Amino acid sequence: VIQLLLRVLRDRKDRALLNEVCAAVVGAPFKPADAAPDAKRCDSLLHSAAGSRALEAVLETASAEAAASMFNGFFRLRMRAMTSGGAGEFGFYLAQKVADSLRDGPQLMLTFAEVDLAACLAPSAVAPQRAVVVRLLEACLRLQTGFKHVASDVFRALGLRDSSQNHKDR
């Protein structure tokens, strides 16, 4: 119900009410728009199916200020747990939505710094865990940044040599 309400408010362009509902879902004060979310409430939401989908909808519909606050105050701090299986069964899916919601290069690079690419790309990794890396790579394309750094990190995680080493062998 919360997901639908948030999307309807977004589509109706009722930003004031949308911001208020987003703040209520994550336990942040309505004013200022960039107030930090309540970490305990967000952790509780993260560990339930309906709650994690509500967090996904908040990420999808929140204002730029609120999304940045949620990223800095909650999601960035939990990306390692969400991508390694330490945040419950819904963490992988929420990490994918975080990747989809990244709005600038610095957020992208901070996210990559928190993700254990080797764990996400290991043979034992589950499909939703691998999908986090795909979504982060898509974010590189969407934001047009981080290509060289991210490619080197992915190559390293896969045990592949990066392109600079190929030139030395010739």
Side-chain angles (χ1 to χ4, degrees), residues 22-23 25-28 32-47 51-168:
C22 284
V25 170
V26 299
D34 62 351
D38 181 306
K40 287 183 184 178
R41 177 180 289 188
C42 290
D43 276 330
S44 294
L45 292 170
L46 173 62
H47 290 283
S52 64
R53 285 192 293 276
L55 283 174
E56 288 178 5
V58 169
L59 274 173
E60 180 184 313
T61 60
S63 68
E65 298 85 10
S69 176
M70 288 187 299
F71 175 78
N72 290 320
F74 182 73
F75 291 112
R76 182 174 63 92
L77 305 172
R78 285 162 181 77
M79 278 304 286
R80 187 163 300 273
M82 289 191 308
T83 58
S84 68
E89 63 185 297
F90 309 109
F92 300 134
Y93 302 102
L94 196 51
Q96 291 174 40
K97 188 57 88 171
V98 169
D100 291 343
S101 72
L102 296 173
R103 297 177 186 220
D104 58 39
Q107 279 186 342
L108 176 67
M109 299 319 290
L110 287 169
T111 302
F112 264 106
E114 296 298 327
V115 174
D116 182 355
L117 291 173
C120 289
L121 296 171
S124 61
V126 294
Q129 191 174 17
R130 288 189 202 108
V132 172
V133 178
V134 171
R135 296 285 182 86
L136 288 169
L137 293 171
E138 289 172 348
C140 286
L141 288 172
R142 180 173 42 83
L143 298 171
Q144 291 294 297
T145 189
F147 299 112
K148 185 174 182 176
H149 174 78
V150 170
S152 293
D153 286 354
V154 170
F155 288 151
R156 193 174 312 111
L158 292 170
L160 301 173
R161 299 177 343 177
D162 69 28
S163 59
S164 66
Q165 291 175 320
N166 290 335
H167 296 294
K168 293 176 185 173

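Every value quoted in this text rests on a predicted model; they were computed, and no experiment measured them.
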Looking at every non-hydrogen atom in both residues, tell me the closest pair between [X] and [Y] and how far apart they are.
X	Y	answer
Val25	Leu45	O-CD1, 3.4 Å
Leu46	Leu55	N-CD1, 3.8 Å
Thr61	Cys22	OG1-SG, 3.7 Å
Arg41	Val26	CD-C, 3.8 Å
Ala99	Ala139	O-CB, 3.7 Å
Leu94	Ser52	CD1-O, 3.9 Å

Inter-residue atom distance [X].[atom1] - [Y].[atom2], 0.5 Å rounding:
X	Y	atom1	atom2	result
Leu160	Ser152	CG	OG	11.5 Å
Gln96	Phe92	CD	CZ	9.5 Å
Arg76	Met79	CZ	CE	11.5 Å
Arg53	Tyr93	CZ	OH	11.0 Å
Asp38	Phe74	CG	CZ	9.5 Å
Cys140	Lys148	SG	NZ	14.5 Å

Tabulate below the donor-acceptor pairs under 3.5 Å that side-chain atoms of residues 110-122 make, not counting sequence neighbours, or state none.
unit_1	atom_1	unit_2	atom_2	d
Thr111	OG1	Gln107	O	2.8
Asp116	OD1	Ala118	N	3.3
Asp116	OD1	Ala119	N	3.3

**Message:** If you apply the rule side-chain contact (heavy atoms from CB on, under 4.5 Å), what do you find for Val150 with Leu136, and how did you get there?
**Reply:** CA-CA 9 Å; Val150 170; Leu136 288 169; over 6 Å; no
**Request:** For a side chain to side chain contact (heavy atoms under 4.5 Å, CB included) with Val98, tell me which candidate from Arg78, Met70, Met82, Glu56 qualifies.
**Result:** Met82
**Message:** Tell me which one of Asp104, Leu108, Leu102 satisfies side chain to side chain contact (heavy atoms under 4.5 Å, CB included) with Pro106.
**Reply:** Asp104
**Side-chain H-bond candidate by donor/acceptor type, Asp153 with His149, under 3.5 Å** = yes
**Prompt:** Any sub-3.5 Å donor-acceptor pair from Arg130's side-chain atoms to Pro123's backbone N or O?
**Reply:** yes
